[in-house]
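Shown next, in structure tokens, is the structure this report addresses.
Atoms within each ligand, like the ligands themselves, are counted from 1 in listed order.
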Amino acid sequence: MKGISIIILAAGLGTRMKSNLVKILHPLAGMPMLAYTLDLAKSLKPEKIVAVIGHQAEKVKDTFSDYDVNWAIQKEQKGTGHAVMQAKNALNNFNDTVIVLSGDTPLLKKETISELIKSHKSKGSRVAILTTEIDNPYGYGRVIINANGKVERIVEEKDASETIKKIMLINTGIYAFDKEFLFNALSEIKPNNTQGEYYLTDIIGIAAKRGLEINAVKAKDSDEVMGINTRLELARAEKIIRKRINDRWMLNGVTIIDTETTFIDDTVEIGRDTIIYPNNFICGKTKIGEGCTIFPNSRIIDAEIGSEVKIKDSCLIEESKIGDRASVGPFAHLRPYTELGKGVKIGNFVEIKKSVLMDGAKANHLTYLGDSSIGRNVNIGAGTITCNYDGFKKHRTEIGDNVFVGSDVQFIAPVKIGKGAIVAAGTTVTEDVPADSLVISRTKQISKKGWARKKRERQSKS
Ligand code: UD1
Ligand code: CA
């Protein structure tokens with residue numbers, strides 16, 4: 001949008017969070033809080049975005065290093081008005097509308113801020129402020145309306161009298177200003193208040209005193225402009241964002257059986273006709289195809305899942321790729337760099353790490369496969385283990401197509417099994433196996449007739 005620049009206030013520690021981590025980096029539905037405001041700012045395509053940071057500034061910059069944003073530093077946190085002043089230099093070559101957003105108001109929607117901008121521009125106002133009415137206004141600045149129905153000033157909770165505290169019209173901390181007016185008025189504010197801070201809100205009173213009309217635009221949904229100051233509000237915001245995401249996927253053709261216990265990050269993608277059972281966490285850059293079923297209790301992080309895949313109960317899936325019609329679980333752990341081909345079956349209590357299982361391969365029970373490549377249609381028997389670590393280094397196990405591995409086999413890596421071989425149950429494979437051979441390593445079985453009965457008789461006598 002031409003003619004607008006955006007300042008985002010994000011320098012405060014967030015004292016009321018009682019945390020060692022700066023407030024705006026607290027995770028909210030899988031993303032650091034500030035990401036929401038930065039994304040919203042970006043979506044408005046302004047000429048410039050200036051984020052004012054201070055507490056843990058380096059960490060904040062690192063977290064958002066791939067964002068196109070100008071960072072302004074507020075060394076000491078002397079209030080929201082002082083914070084805006086720190087953005088002045090970055091806006092030297094800009095002369096139009098400045099939007100001020102707060103890094104701790106992540107639920108704000110594009111339509112609402114666009115309405116504020118539209119009203120500001122069309123009325124040619126110098127100051128526009130987004131307000132809302134809420135049932136419990138505790139903690140917010142109250143908007144004082146004079147006898148003529150005009151905004152007169154804003155009074156912070158900490159400076160408010162009992163009468164003012166009863167006002168339910170609040171300042172959302174979101175504004176549109178004419179740039180010249182903004183910095184001019186800011187030079188007049190003084191820290192004469194309970195907190196000894198330079199309040200940005202004081203310029204509303206300054207504007208009114210100068211006879212300027214304050215353009216107050218009321219947000220309909222007070223949830224959307226909720227400021228997050230405590231962990232209670234963080235949890236409330238989390239619920240609202242989770243609901244928005246779930247609603248979006250349901251409207252796009254995904255069945256969510258219990259929306260209260262389904263946690264999908266904003267960055268996830270899901271195909272239609274996929275069914276998600278309760279108590280699933282689907283996180284990060286995960287992509288799920290069409291017609292999949294995600295049974296209860298799994299956590300899926302940064303995974304790429306094809307179509308018609310079944311994730312049975314209680315799996316942990318990290319940075320893995322799963323081909324169409326594959327089935328995983330119950331109780332499986334796919335660790336990073338696992339790749340499952342089409343129709344692969346991974347069953348109960350199987351752990352896989354840095355391994356490729358090609359189309360049609362199966363590992364149905366109690367298995368560990370690490371640093372391995374498993375060919376097409378290979379059967380891995382119950383209890384099979386790749387011994388990939390010798391205490392110093394990791395080694396690879398390579399198993400060709402159509403190999404049959406019986407139960408309780410150990411592969412002492414590095415080792416290669418040729419195509420079509422059969423590995424007998426109980427074998428410890430220490431050397432490469434040629435294609436189509438049988439490999440067996442067991443001590444010969446001895447059965448001593450009557451031995452057990454005689455032992456019992458001896459024991460009962462003594
Ligand atoms: C502020 C408003 C209040 C409004 C509320 C809406 C002021 C004085 N008060 O109060 O009227 O109802 O937001 O949510 O503006 N910040 C800085 N530097 C500072 C101080 C704050 O960058 O020196 C940043 C914070 O990191 C935060 C934002 O400004 O992102 C708001 O600060 P906060 O202390 O949360 O203000 P509130 O008390 O919520
Ligand atoms: Ca706040």
Nearest heavy atom to atom 38 (O) of ligand 1: which of His55, Arg16, Glu157 does it belong to? Arg16
Restricting to heavy atoms, the pick from Gly12, Pro137, Gly79 nearest atom 20 (C) of ligand 1 would be Gly79
Note: [X]-[Y] ion pair, threshold 4.0 Å (strictly below):
X: Lys209; Y: Glu152; answer: no
X: Lys218; Y: Glu115; answer: no
X: Lys353; Y: Asp371; answer: yes

Among all protein heavy atoms, pick the one closest to [atom] and tell me residue, atom and distance.
atom: atom 17 (C) of ligand 1; result: Gln74 OE1, 3.6 Å
atom: atom 35 (O) of ligand 1; result: Asp104 OD2, 3.1 Å
atom: atom 22 (O) of ligand 1; result: Ala11 N, 2.9 Å
atom: atom 27 (C) of ligand 1; result: Leu9 O, 3.9 Å
atom: atom 9 (N) of ligand 1; result: Glu156 OE1, 3.0 Å
atom: atom 12 (O) of ligand 1; result: Asn171 O, 2.6 Å
atom: atom 13 (O) of ligand 1; result: Gly173 CA, 4.6 Å
atom: atom 28 (C) of ligand 1; result: Ser102 OG, 3.3 Å

If we number the atoms of ligand 1 from 1 as shown, the ones under 4.0 Å from a heavy atom of Gly141 are 3 (C), 4 (C), 11 (O), 12 (O)
If you count the atoms of ligand 1 from 1 in the order shown, which ones are under 4.0 Å from a heavy atom of Thr80? 7 (C), 8 (C), 15 (O), 20 (C), 21 (C), 29 (O), 31 (C), 32 (O)
For ligand 1, is there an atom lying under 4.0 Å from some heavy atom of Glu76? no
Is the closest side-chain donor-acceptor distance between Ser65 and Asp62 under 3.5 Å? no
N/O/S atom name from Asp104 that is nearest to the position of the Ca ion (ligand 2): OD2
More than 12 heavy atoms of other residues, nucleotides or ligands under 6.0 Å from NZ of Lys48: yes or no? yes
Do any of the N, O or S atoms of Ser102 sit under 3.0 Å from the Ca ion (ligand 2)? no
What residues form a ring-ring contact (aromatic ring centres under 6.0 Å, His included) with Tyr67, not counting sequence neighbours? Phe64
Could you check whether Lys312 makes a cation-pi contact with Phe295, meaning its NZ or CZ is under 6.0 Å from the centre of the six-membered ring and within 45° of the ring axis? no
Examine the proximity of ligand 1 to Asn229 and report which part, side chain or backbone, both or neither, has a heavy atom under 4.0 Å away. side chain
